[in-house]
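Presented below is the structure to which this report refers.
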Amino acid sequence: MNRMMLCLCALSLLALPGLADGAWDTWPPRKYLVKSLVAAVPQCMKSYRPETGRFGTDPWTCHDQQVIYPLAAAWSIEDPDNPYYHDAELLAAIAKGGEYLADQQDEKGMWIFRKKDNSTWGQIHMPWTFSRWIRAYSLVRDALPPESREQWEAGLKLGYGYIAGYMKGGVHNIPTHHAMSLYIAGECFDNEEWKQAAQDFMARVSAKQDPAGFWSEHYGPVVLYNFVYPDAIGIYYHFSRDEAVLETLRRAAAFHSNILWPDGSSVSTIDER
């Protein structure tokens with residue numbers, strides 16, 4: 001069962017240089033992954049502005065701050081090949097990065113949905129950003145300076161107080177991602193209502209899955225966004241150990257493994273979009 005659930009990750013990694021020809025001895029390929037994470041840190045830090053905590057290029061988007069999650073992973077993973085483990089300068093950048101996210105929130109915990117072409121789509125509880133912020137928090141919270149931790153927690157609790165309300169809506173890829181991170185927030189802040197709301201929503205996500213292993217948002221498989229569903233459900237399972245979603249993950253892994261070309265790309269002719 002676990003090997004089936006890891007299928008999606010394995011298929012994605014097979015497209016990376018050095019892995020397709022069997023460059024690992026065990027799964028997951030920890031040495032390769034740590035090496036890749038360490039190599040990415042300087043690139044992530046290139047755009048960091050220590051005076052504000054902002055990451056990214058102009059114009060700023062909330063997505064730019066999402067690097068605090070891989071940076072938090074680099075800070076938290078103890079490994080002989082990881083020079084960033086418990087690095088004080090890296091932690092300071094992570095802390096400021098989360099503070100900047102909190103600074104940019106409106107009264108409902110939202111950010112402006114801005115794209116790099118400077119077009120805007122209004123205010124949003126950006127699911128991808130919130131999930132990386134709460135996962136970063138789960139890794140570094142006990143090491144954050146007290147004032148920084150207070151600011152992070154205020155911003156996270158503000159946003160998730162509203163995100164919890166999305167669990168009453170319909171099943172779609174965005175609220176599914178929200179459900180995953182809401183569960184993590186419930187774990188971090190000892191909020192059983194958030195955890196239960198996320199668990200109930202994930203049960204509806206599983207129920208909406210086609211028996212063939214895909215989800216549809218209009219007609220037929222939505223192949224690209226299908227990756228959002230098992231990604232969110234898999235992370236949710238890691239934190240919750242909710243065995244009710246295991247069969248859902250198995251079906252999703254089997255579906256995607258059956259619609260890949262040899263180079264790992266998806267067969268596009270069956271994609272509803």
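These numbers come from a predicted model, not from an experiment. One is the number of the first residue; the rest follow in order along the sequence.
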With rounding to the nearest 0.5 Å, note down the distance linking [atom1] in [X] to [atom2] in [Y].
{"X": "Phe130", "Y": "Leu101", "atom1": "CZ", "atom2": "CG", "value": "8.0 Å"}
{"X": "Ile184", "Y": "Leu156", "atom1": "CD1", "atom2": "CG", "value": "11.0 Å"}
{"X": "Glu99", "Y": "Leu144", "atom1": "CD", "atom2": "CG", "value": "8.5 Å"}
{"X": "Phe55", "Y": "Trp60", "atom1": "CZ", "atom2": "CH2", "value": "12.0 Å"}

Judged by modelled atom types alone, do [X] and [Y] share a side-chain donor-acceptor pair under 3.5 Å?
{"X": "Ser240", "Y": "Gln199", "answer": "no"}
{"X": "Lys115", "Y": "Thr120", "answer": "no"}
{"X": "Tyr137", "Y": "Glu153", "answer": "yes"}
{"X": "Ser181", "Y": "Tyr160", "answer": "yes"}

Is a side-chain donor or acceptor of Asp210 paired with a backbone partner of Phe214 at a separation under 3.5 angstrom? no
Sequence neighbours excluded, the answer for salt bridge (charged side-chain N to carboxylate O under 4.0 Å, His left out) partners of Arg30 is Asp79
Count the heavy atoms belonging to other residues, nucleotides or ligands that lie under 6.0 Å from NZ of Lys116, then report whether that count exceeds 12. yes
Using a 4.5 Å cut-off on heavy atoms from C-beta on, say whether the side chain of Ile134 contacts that of Phe189. yes
Met180 side chain near Arg135 side chain, heavy-atom distance below 4.5 Å: yes
Taking the basic N atoms (NZ, or NE/NH1/NH2) and the acidic carboxylate oxygens, is any pair closer than 4.0 Å for [X] and [Y]?
{"X": "Asp81", "Y": "Lys31", "value": "yes"}
{"X": "Asp142", "Y": "Arg149", "value": "yes"}
{"X": "Arg132", "Y": "Asp64", "value": "no"}

Between Tyr183 and Phe201, is the ring centre distance below 6.0 Å? no
Aromatic contact between Trp215 and Tyr229, with the criterion being ring centroids under 6.0 Å apart: yes or no? yes
Following the transitive rule for hydrophobic clusters with a side-chain heavy-atom cut-off under 4.5 Å over Ile, Leu, Val, Met, Phe, Trp and Tyr, establish whether Phe113 and Trp111 coincide in one cluster. yes
Cluster check Tyr85, Val41: I/L/V/M/F/W/Y, side chain < 4.5 angstrom: no
Show the numbers, then the answer: is there a side-chain hydrogen bond (donor to acceptor under 3.5 Å, both in side chains) between Glu78 and Asn82? CA-CA 7 Å; Glu78 185 174 8; Asn82 179 19; over 6 Å; no
Donor-acceptor pairs under 3.5 Å, side chain of residues 164-176 to any protein atom, not counting sequence neighbours: which ones?
residue : atom : partner : partner atom : Å
Tyr166  : OH   : His125  : ND1          : 2.7
His172  : NE2  : Glu217  : OE1          : 3.1
Asn173  : ND2  : Glu217  : OE1          : 3.2
Asn173  : ND2  : Glu217  : OE2          : 2.9
Thr176  : OG1  : His172  : O            : 2.7

